[in-house]
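Here's the structure we're looking at; comments come further down.
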Amino acid sequence: MKKKNNIDQKINRKEAIQKMGKYAALTAIGTFAILTPTRAQTSSPPDPGGNPFE
Amino acid sequence: MKPTLSQKIANSQIHWFRKSNSYLILDYETDQLFDLFLHSDDFLDFKKLVHKTFNYEIKNISRIYNQLAFAYKQLNENNHPDRSLLQISEASQIEEIFFSTSYDLGHCSIKLNYGSEKIKKVFHPAFSHLTTSRRKPNTQCPELTITEKSKILHFFKNQTLIYTSPIAEFNHIQGQLNLELINCLYAKKKEDWLATFHGSTLSYGKKAIMLVGNSGSGKSSLTAILASQGYNFVADDFSPMSKEDLKVYGFPNAISIKEGSFGSLKNFIPNIDSLPSVTSYSKNIESKNFVPKSTSLNQSYNCNIIVLVKYNSNDINRLEPSNPETVLPELISDSWINPEYHCAYSFLNWLSSVEYYKLNYNDNQFALEQMERLFKN
């Protein structure tokens, strides 16, 4: 039971970090994220491995 | 340096730092800690302030302090140098044009030159439905050219090189092309825009909703469904907001639909199989461009609902109110937001007026019905 609770807690923390973006950090009591817009206008970034010029 | 601007939005606090043009979003308790950090001289001072402020024990204070210090350093780093000419070591000239066309933007037309077949295949399909053989006389629209040399894409405006990017970052050139199109369409300049959001926008009457989400989240597919069912298409993937009136303006691109969605969209777009296939942005994955009948060229809308969209065939169907901490990472991180002070001020004000939702779905009909509720309520 204790082990299950630990796994549940780990999943919740992981989900929180995934939700918060690249610079998510978990303090003891909360979360924060640094969000930086792109430096210039762009469209959707290509999918990993997706480069139509290659 | 303290935040340049701060805004409470729902139960979150969001700070903007001018130097890095970055937004820090925190929950209430973490914001309290951050405030103590800003007022402390060093770790021991921070520890004293924390003990004084909180009536319960805070564990791992040194780890918290280090995290906040690291974040603070990043937030105060200069992060927006002009990169437009970074790749240029000498002036470049247009050497060869493979294909020229003009796009009809209603009251004007804009000429595009593509330097190779590959370049044409990447950039032309989204706007091919606007092709016109008649160039309308106008003085405001430039002639744009995209070429490639030594694996670097070059973007010319009226024969002058204004932007370059490695071919792997072709989405940057796409962004510049999109910017020139909206500048031409609305007689604006880059500094007249508050932002170009990585989101898709639709409207119903005067109400507009912006869909955000990662690539592959189902955002464009849902946009295509809504557009095919009578909702007014405003923009796909690139939603420009004006600085002057904070409205989202129509952008005339086609909706890009990925192969995985073709089957499930047949109920809504019966002729999807006959739509032309285009070069995909991922290897071995086909995509098609869908041009909705109802579009919003030359129109603009107040948008006060943002929906974070996530399609997952294994997930449950659910639409629920959400919060800035969940939605804003998707909205801000792949969007351009004007780094000027009054733009950040307006942006934060706009964010505080927005309703946030999260839509998880595995069933297109469910998603359509939920979006209908949001539009019509």
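In this structure, the portions of B:Ile119 lying under 4.5 Å from any heavy atom of chain A include both its backbone and its side chain. Residue contact with chain A, scored on non-hydrogen atoms closer than 4.5 Å, involves the backbone and the side chain of B:Ile332 alike. Interface residue B:Tyr23: backbone and side-chain heavy atoms are both found under 4.5 Å from chain A. Heavy atoms closer than 4.5 Å to chain A are found in the side chain of B:Leu75, but not in its backbone.
Contact count versus chain A (heavy atoms, under 4.5 Å) is highest, among B:Ser116, B:Ala71, B:Gly175, for B:Gly175.
A side chain to side chain contact (heavy atoms under 4.5 Å, CB included) with A:Phe32 is found for exactly one of B:Asp27, B:Ile25, B:Leu68, B:Leu33, namely B:Leu68.
Interatomic distance, B:His198 NE2 to A:Gln41 CD, rounded to the nearest 0.5 Å: 14.5 Å.
Residues B:Leu328 and A:Leu35 are in side-chain contact: their nearest non-hydrogen atoms beyond the backbone lie under 4.5 Å apart.
Neither side chain, A:Ser43 nor B:Asp237, offers a donor N or O lying under 3.5 Å from an acceptor on the other.
For B:Asn183, the side-chain hydrogen bond (donor to acceptor under 3.5 Å, both in side chains) criterion is met by B:Trp193, not counting sequence neighbours.
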Under the side chain to side chain contact (heavy atoms under 4.5 Å, CB included) criterion, do A:Ile34 and B:Gln74 qualify, and how do the steps go? CA-CA 9 Å; A:Ile34 298 172; B:Gln74 283 187 298; 3.6 Å; yes
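Atom NZ of B:Lys310 sits in a sparse spot, with 12 or fewer heavy atoms from other residues, nucleotides or ligands closer than 6.0 Å.
Put simply, the side chain of A:Thr38 gets close to the backbone of B:Ser335: a donor and an acceptor are under 3.5 Å apart.
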